[in-house]
Amino acid sequence: MGNDTTAQTVIFTQRVDAGGVTHYLVVRNGPEAGRHIEVTTEAQQMGRSEADVTMADRAVSKLHCEIVMFGDSLIVKDLGSTNGTFIDGQEVTSPASLPVGSMLQVGETLLVHEVRTPEEVAQDEQLSEDVERAVEYVLSLLPEPLLDGPVRTQWRYIPSAQLGGDAFGYHKLDDDHWVVYLVDVCGHGMGAALHTVSVMNTLRNGTLPNVDFTVPEQVLKALNRAYPMENHGGKYCTIWYGVYELSTRQLVFGAAGHPPALLLKADSESVDELDVRGLPIGMLEDAEYTSNEVTVPEDATLYVYSDGVYEIVTKDGRNGTLKDLIEIIEGPEQPGLGEPERIEKAVRDQMAGTAFDDDFSLLVVSF
């Protein structure tokens with residue numbers, strides 16, 4: 001399936017006083033789920049291999065950097081790594097201090113220097129396990145890519161370190177209709193994930209009473225009634241919801257506070273924005289919703305995504321925009337890369353650092 005490694009935690013610990021206060025680095029992303037490595041008072045080398053602390057990250061050099069405690073800071077020294085070592089986005093060219101709260105980047109792995117008691121560390125470990133299970137559950141709701149047939153799908157889902165509230169789906173409503181939708185719940189963490197799961201199960205199982213699921217405005221209005229934010233911990237969500245009719249090639253779509261889907265026609269170099277205005281689900285009891293429709297030419301491609309795909313901080317320090325994403329989509333194909341992977345690579349090439357602040361959810365549908 002088109003997923004990525006989930007938010008992980010690696011903890012480097014060193015007891016620094018009799019009260020049991022602990023210095024540690026918490027990995028905010030990366031492939032080493034639940035690994036805990038204690039750090040002695042001696043300097044330790046980090047790397048992919050041949051190191052005191054090995055990292056399962058292909059972008060990390062065999063011997064990448066060295067870390068040692070000095071007072072309340074960690075001193076970091078790069079060991080001639082291929083991809084560099086960075087503290088708060090600044091490359092380490094000589095031994096540098098990593099104060100509490102600062103971010104260390106080695107390869108594609110981001111670590112934060114924190115100070116906690118052993119009890120707090122244990123709570124963090126439990127929370128990390130809970131988040132990992134939540135990610136696995138959200139992933140279990142995502143459908144397999146469709147490689148054949150009149151509707152084909154590819155996707156890319158990369159949960160952020162704090163786990164956002166993204167999920168998406170598609171399925172046949174009947175022999176002539178396919179539905180496609182993407183949900184983005186406000187906030188991060190377990191609350192957002194649980195709210196997403198609830199909304200997704202409602203859509204997958206069609207459990208909204210007296211609703212025609214081929215009519216987007218009916219679905220959105222019923223969801224808004226079913227999930228008022230005051231009854232769900234202040235959580236609301238955005239959604240893009242589209243229904244494709246095979247016999248007529250008509251795509252009817254509605255949205256509730258969500259970015260527009262983008263339609264790229266085979267004979268065009270620019271996308272059409274499929275946008276419909278509407279308040280997010282759960283925000284206002286009497287919110288009204290409308291729909292629009294478009295004829296989908298043969299071999300057209302639809303892009304449905306969350307705002308985490310383009311709301312990044314770029315290398316030049318500005319905030320990414322929808323226009324940046326549109327320019328990427330309108331760019332040339334890359335041999336050997338699927339369309340979601342091409343777009344992810346282009347976004348990563350623009351962004352500062354390697355970790356997404358919000359879930360990266362991208363669904364590509366070909367007709």
Side-chain angles (χ1 to χ4, degrees), residues 1-10 27-35 56-58 108-110 125-147 151-172 178-207 227 235 237-241 258 302-309 311 337-345 347-348 354-365:
M1 283 181 27
N3 57 39
D4 200 357
T5 48
T6 59
Q8 320 296 348
T9 302
V10 178
V27 174
R28 294 303 187 189
N29 68 319
E32 302 191 75
R35 179 186 177 196
D57 181 342
R58 290 176 297 179
E108 295 184 351
T109 303
L110 294 177
E125 293 174 15
Q126 183 61 54
L127 179 60
S128 178
E129 292 175 3
D130 291 342
V131 169
E132 183 180 352
R133 285 194 292 269
V135 169
E136 291 174 353
Y137 189 21
V138 172
L139 284 170
S140 74
L141 299 179
L142 304 182
E144 294 284 349
L146 300 175
L147 304 181
V151 176
R152 291 159 301 193
T153 61
Q154 307 173 66
W155 52 262
R156 192 71 167 153
Y157 171 70
I158 307 171
S160 67
Q162 293 131 333
L163 178 59
D166 288 8
F168 50 82
Y170 42 84
H171 58 268
K172 290 178 70 173
W178 278 84
V179 63
V180 176
Y181 48 86
L182 193 149
V183 176
D184 184 359
V185 173
C186 70
H188 296 87
M190 293 293 292
L194 292 174
H195 195 66
T196 300
V197 167
S198 181
V199 174
M200 287 291 292
N201 282 330
T202 296
L203 292 171
R204 289 201 313 164
N205 299 323
T207 54
Y227 291 97
K235 296 295 182 187
C237 68
T238 69
I239 180 173
W240 192 93
Y241 184 95
H258 202 81
L302 179 72
Y303 301 81
V304 190
Y305 51 90
S306 64
D307 54 15
V309 173
E311 288 187 348
L337 284 182
E339 187 65 353
E341 288 73 26
R342 177 187 76 86
I343 293 171
E344 180 202 347
K345 180 179 182 301
V347 172
R348 287 189 182 277
T354 60
F356 289 101
D357 292 330
D358 200 357
D359 291 356
F360 181 105
S361 298
L362 172 66
L363 174 60
V364 181
V365 184

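All values derive from a computational prediction rather than experimental measurement.
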Closest heavy-atom pair, Ala167 versus Val138, reported as atoms and distance to 0.1 Å, is CB-CG1, 4.3 Å
request  = Answer whether the closest heavy-atom distance between the side chains of Val304 and Phe168 falls below 4.5 Å.
outcome  = no
Which of Leu203, Val199, Val197 passes side chain to side chain contact (heavy atoms under 4.5 Å, CB included) with Asn201? Answer is Val197
Closest non-hydrogen atoms of Asp358 and Gly308, given as atom of the first, atom of the second and distance, are CB-CA, 4.0 Å
Assess the pair Tyr227 and His195: is the distance between their ring centroids shorter than 6.0 Å? yes
ask   = Salt-bridged, Lys345 to Glu341, with N to O below 4.0 Å?
value = no
The reported gap from CG in Leu142 to OH in Tyr157 (rounded to nearest 0.5 angstrom) is 6.5 Å
The reported gap from CG in Leu182 to OH in Tyr241 (rounded to nearest 0.5 angstrom) is 13.5 Å
To the nearest 0.5 Å, atom CD1 of Ile343 lies from atom OH of Tyr303 at 5.0 Å
Q. Quick one: does Thr196's side chain have a donor or acceptor within less than 3.5 Å of a partner on Gly165's backbone?
A. yes
Whether His258 side chain and Tyr305 backbone form a donor-acceptor pair below 3.5 Å:
yes
Taken in chain and number order and not counting sequence neighbours, the residues that satisfy salt bridge (charged side-chain N to carboxylate O under 4.0 Å, His left out) with Glu311 are none
Show, in sequence, the C-alpha distance, side-chain angles and deciding distance for Tyr170 and Val365, and conclude whether the side-chain contact (heavy atoms from CB on, under 4.5 Å) test is met. CA-CA 10 Å; Tyr170 42 84; Val365 184; 5.7 Å; no
Original post:
Is there a donor-acceptor pair closer than 3.5 Å between any side-chain N or O of Asp57 and the backbone N or O of Glu108?
Top reply: yes
*asked:* Does either side chain, that of Ser306 or that of Asp166, offer a donor lying less than 3.5 Å from an acceptor on the other one?
replied: yes
Between Ala192 and Cys186, the two heavy atoms sitting closest are CB-O, 3.8 Å
Of all heavy-atom pairs linking Lys235 and Gly187, the shortest is NZ-CA, 4.1 Å
*Are the side chain of Ser198 and the backbone of Leu194 linked by a donor-acceptor contact shorter than 3.5 Å?*
no
With a 4.5 Å heavy-atom cut-off, do Trp178 and Leu146 have their side chains touching?
yes
Rounding to 0.5 Å, atoms CG (Leu363) and CD (Gln154) come to a distance of 10.0 Å
